[in-house]
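Just so it is clear, the structure is predicted and the values come from calculations on it, not from any experiment. Each ligand, and each atom within it, is numbered from 1 in the order the structure gives.
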Amino acid sequence: MPHRLQHWGDQVNPDLKLLQPYPFEKLNQLKAAVTPNPELEHIALSIGEPKHPAPDLVQQALVNNIGRIENYPTTKGMPELNQAMADWATQRFDLNALTTEQVLPVNGTREAIFAFTQTVVDRSQARPLVVSPNPFYQIYEGAAYLAGAQPHFLPCLEEHGFIPDFSSVAEDVWRDCQLLFLCSPGNPTGAVLSLQQLQQLIELADKFDFIVASDECYSEIYIDGQAAPIGLLEACARLGRDDYRRCVVFHSLSKRSNLPGLRSGFIAGDADILKAFLLYRTYHGCAMPLQTQLASIAAWGDEHHVQENRSQYTQKFRAVLEILQPVMDVKQSDASFYLWAKTPIDDETFAQRLFAEQHVTVLPGSYLSRTIDGVNPGANRVRMALVASVDECVEAAQRIRQFISTL
Ligand SMILES: Cc1ncc(COP(=O)(O)O)c(C=O)c1O
């Protein structure tokens, strides 16, 4: 599909033409072609934006420190913030005390994933590859193109638990791979990689000399009472690999703490790679404002609101699945706040008609994935984000059930 930026002509970076429209642009077009049922209020299960309230202690810290806008922040961050992030990761993933050289603050993981790719890709190689799951968070693809690399997609299919079948990847792909993106828990599938899978990938990274970047921004959203998802650094630590060589993880306050507007997260792992990333960031100019840093310290130091958040998502999963499972193929995901449901008709038509007839928005799965060798792993699936209130999620599930009964 030609991109809307093409009319900019030759004055811009030609790689911009490789960027795909964002899934929500496609969704807006799909919805604009129909009129929603005017008798029903709209319910959005489409955007992965948390709707639970932001924690008071974070809001308070922001207000108390608003005067800090008078100071320039450093890119490396305040030592107190670096310590708070290192402590959180050490405790959560049972690490051997992460040092403050092994962690850096970022203004949300979206910018970090993008900037990190620019930092590590060596475009002088013959065929630089960035290997990514498919479906995937669209930044992986755009970051690869703008770094001068090619994305190489690995399908996440149900028969492999929605995790790529890494054992079937050709050796020449691993040889040209410079960066492997993992997303665990996955967006949109919710699938979590196992310790064994992570350790096999670390072995492959050593063998073929590439970096593993694990996007773990949904790691704290899992079913109450179940084991917390394992992370890449934890897999390293269990191998005694305390330098986390070739490995980095991305964590965010957006989903964990309902703070998508704070723009705060961190990257942690291999200190040598982070040193290069810090250099890149210094030029890029993405230091985190001091009041955001101080509010982030408050957020990383509190687990009470995270537990509360988790129990609300758990309640929503239970209620929605009880309504939907009798009428559609939809399973409890390992973690995250997404359901990755199979649709009885093609996903675009499903989403469009559901919007028109029941005023509920879901995201067609094929908008989140690419067709490779004739197969689109998102086809005939929709992503439902259980971000609205429990009552709204239940109402949406009832309307979806009603819609399916008319098919
Ligand atoms: C898989 C994944 N990674 C990263 C992000 C970026 O989150 P943020 O920039 O808010 O940390 C998102 C946001 O939706 C996401 O779904």
Give the atoms of ligand 1, by number and element, whose distance to some non-hydrogen atom of Cys183 is under 4.0 Å.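 Per the distance check, 1 (C).
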Which atoms of ligand 1 sit under 4.0 Å from any heavy atom of Gly108? 9 (O), 11 (O)
Which residue and non-hydrogen atom of the protein lie closest to [atom], and at what distance in Å?
{"atom": "atom 7 (O) of ligand 1", "answer": "Thr109 OG1, 3.3 Å"}
{"atom": "atom 13 (C) of ligand 1", "answer": "Lys255 NZ, 3.1 Å"}
{"atom": "atom 9 (O) of ligand 1", "answer": "Arg263 NH2, 2.7 Å"}
{"atom": "atom 10 (O) of ligand 1", "answer": "Ser254 OG, 2.6 Å"}
{"atom": "atom 2 (C) of ligand 1", "answer": "Asp215 OD2, 3.3 Å"}

Min heavy-atom dist [X] to ligand 1 below 4.0 Å:
{"X": "Gly265", "result": "no"}
{"X": "Cys217", "result": "yes"}
{"X": "Phe250", "result": "no"}

Does the gap between the ring centers of [X] and [Y] come in under 6.0 Å?
{"X": "Phe153", "Y": "Phe136", "value": "yes"}
{"X": "Tyr137", "Y": "Phe181", "value": "no"}
{"X": "Phe403", "Y": "Phe350", "value": "yes"}

Which one holds for Ala112 and ligand 1: side chain close, backbone close, both close, or neither close, with close meaning a heavy atom under 4.0 Å? neither
Test Phe277 against every option in Tyr283, Phe250, Phe116, Phe266 by the ring-ring contact (aromatic ring centres under 6.0 Å, His included) rule and name the one that passes. Phe116
Which pairs with one or both residues in residues 252-272 pass salt bridge (charged side-chain N to carboxylate O under 4.0 Å, His left out), sequence neighbours excluded?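 Every salt bridge (charged side-chain N to carboxylate O under 4.0 Å, His left out) pair that includes a residue of residues 252-272, provided the two are not neighbours, is Arg256-Glu303.
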Does a donor on one side chain sit under 3.5 Å from an acceptor on the other, for Ser366 and Asn376?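 No, no side-chain donor-acceptor pair sits under 3.5 Å.
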Looking just at side-chain N and O atoms, do Ser214 and Glu216 make a donor-acceptor pair shorter than 3.5 Å?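 The criterion, which ignores hydrogens and geometry beyond distance, is satisfied for Glu216 and Ser214.
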Can we say Lys26 and Glu348 salt-bridge, meaning some charged N sits less than 4.0 Å from an Asp/Glu carboxylate O? no
Could you work out, for atom 4 (C) of ligand 1, the closest of Phe266, Phe114, Tyr137 by heavy-atom distance?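 Considering heavy atoms of Phe266, Phe114, Tyr137, the nearest to atom 4 (C) of ligand 1 sits in Tyr137.
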